[in-house]
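Okay, structure first, notes after.
All figures in this text were calculated on a predicted structure; none of them were measured in a lab. Throughout, protein chains are lettered first and strands after them, A, B, ... in sequence-line order, and every chain is numbered starting at 1.
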There are 2 protein chains.
Amino acid sequence: MNSQEENILKSLPHKTIERLSQYRRALLFCFDEGKTHIFSHEIARILHITPVQVRRDLMLIGYSGTLRKGYNIQELIDLISTIIDSHEVMNVAIVGMGDLGRALVNYVKGKRHKLAIVAGFDNNPDKIGTVVADIPCYSIERLSKMIREKNIQIGIISVPRSYTTDIAAKLVEAGIKGILNFTPKPVNVPDHIYLEEYDMLTSLEKVAFYVKVSQEKEKSE
Amino acid sequence: MNSQEENILKSLPHKTIERLSQYRRALLFCFDEGKTHIFSHEIARILHITPVQVRRDLMLIGYSGTLRKGYNIQELIDLISTIIDSHEVMNVAIVGMGDLGRALVNYVKGKRHKLAIVAGFDNNPDKIGTVVADIPCYSIERLSKMIREKNIQIGIISVPRSYTTDIAAKLVEAGIKGILNFTPKPVNVPDHIYLEEYDMLTSLEKVAFYVKVSQEKEKSE
DNA sequence: TATTCATTGTTAATTAAATAACAATACAAA
DNA sequence: TTTGTATTGTTATTTAATTAACAATGAATA
């Protein structure tokens, strides 16, 4: 990859990166259904956004469709993949093989060629040494060693809240490059590590809030 | 609630709503640790945002702290609660009691007074009729009936992708007010229903992307 | 008592994101 | 062949979100 292409990557808005992932996801399903081409307004409709937004994002990544025929799904999937996927397979570890950890493994498993969940960690003796959803589960004590050995670059934290800080520290110490934290406890990591945090309860509370607001609006009418 | 207060609610930026939920979450933990007051820069540090952002959000909801003493944690928790919580308890159903559904129930259970997960639905005969994580699990066939009977206003979808569309339609038909969709299949719902969608894979791909970019930057240096 | 300082609250400025506007074009229909 | 139309690609505009700037203030300190 030359430096011009690199600069395109770095200049892509964060929101566009998210949407590229969503575009690809939707396109893959369309492809499976036998479609070969798709219009911007079709993509937009699937993802609840505007056609302009779609076209603008595709412009940013330098993809051109065909007038009146739309975008070639296969081509677009491939282009998005060269942009958001790493060149080599990126190895991922999940720390915390409870319900959420297993849900994640089963969902991600086999879906993306360039993302491989290669290890799970837990402190439950019943799980250590077993294979959960096709991936081996190790003791937390072996976390640092396995991360180095298996060249794991991304760590997903799905442990109970009280363990979060400790696990994050261990991941950082082991040289992880990116962390996805699903616990309600925000973590602090050095600047060179990319951190993404998501709390399901915040999403639920957001829904509850807007439901409440719409109900109050109804009442006052 | 008078119409002036209503207007404040409606004018709050979407991002502020999300942060209010995060503020409260962080404040509750601080409160449990025995703290009584907190500075804007402390909240900011916990949530990886700026102190100005915190102060601005609190200004928007009309809360004033004490100079050099910070914000009263208890007061702030209460105020945020009056803003984002509904007056009456809001009932929630989870459709799909697999790993993700159970993770959600266990996580949300007992955490928020105004949010109650009161029913789970699944099509697995082994689960139907049982109690999973303290909530009863019903057959999908009874979904519509139960939603009306139990006055359920929010539905969380955590089923396999292929069932998503059908479940969403059932929820809409049953008169649900808000939907939180955790499946990778976006759903279409009428305008009066608030919809929030989240795909864990997109978060993971985002982390992978930024890890990749930072690595390429390193290489080129 | 006067001065310094840390902190809040608020307006102004900036940046990021989304939307609107519209030219270009190729296909279809007349 | 001409006209109309649907669609792309791109620039301009608007809106939303964040950040900067700074006045106000009251506690701590000299």
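- Taking a 4.0 Å limit (strictly below) on heavy-atom distances, residues 36-49 of chain B does not reach DNA chain D anywhere.
- Of the candidates C:dT8, C:dT19, D:dT19, C:dT19 carries the atom nearest the A:Gln53 side chain, counting heavy atoms from C-beta on.
- Looking only at distances, no side-chain donor or acceptor of B:Lys170 sits under 3.5 Å from a matching main-chain atom of B:Ser144.
- A:His14 has its NE2 atom 17 Å from the P atom of D:dA17, to the nearest Å.
- A salt bridge is defined here as a Lys NZ or Arg NE, NH1 or NH2 lying under 4.0 Å from an Asp or Glu carboxylate O, and A:Glu173 with A:Arg148 meets this definition.
- Cation-pi geometry between B:Arg161 and A:Phe29 is met: the NZ or CZ atom falls under 6.0 Å from the ring centre, inside 45° of the normal.
- Ionic pairing of A:Lys185 and A:Asp166 is not present here: no N-O contact between side-chain nitrogen and carboxylate oxygen is shorter than 4.0 angstrom.
- In this structure, A:Asn91 has no side-chain hydrogen bond (donor to acceptor under 3.5 Å, both in side chains) partners at least two apart in sequence or on a different chain.
- Taking atom NZ of A:Lys15 as the reference point, atom C1' of D:dT18 lies 13 Å away to the nearest angstrom.
- Only B:Arg56, B:Leu67, B:Arg68, listed by number, bring a heavy atom of residues 54-68 of chain B to less than 4.0 angstrom from any atom of DNA chain D.
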task: I would like to know whether A:Glu88 and A:Lys114 meet salt bridge (charged side-chain N to carboxylate O under 4.0 Å, His left out); could you show each step before the answer?
output: CA-CA 7 Å; A:Glu88 305 294 323; A:Lys114 300 297 185 176; over 6 Å; no
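- You'll find the ring centres of B:Tyr198 and A:Tyr198 inside the 6.0 Å limit.
- The pair A:Arg25-B:Asp199 meets the salt-bridge criterion, since a charged nitrogen lies less than 4.0 angstrom from a carboxylate oxygen.
- If you measure from atom CG of B:Leu12 to atom P of D:dA16, you get 14 Å, rounded to the nearest angstrom.
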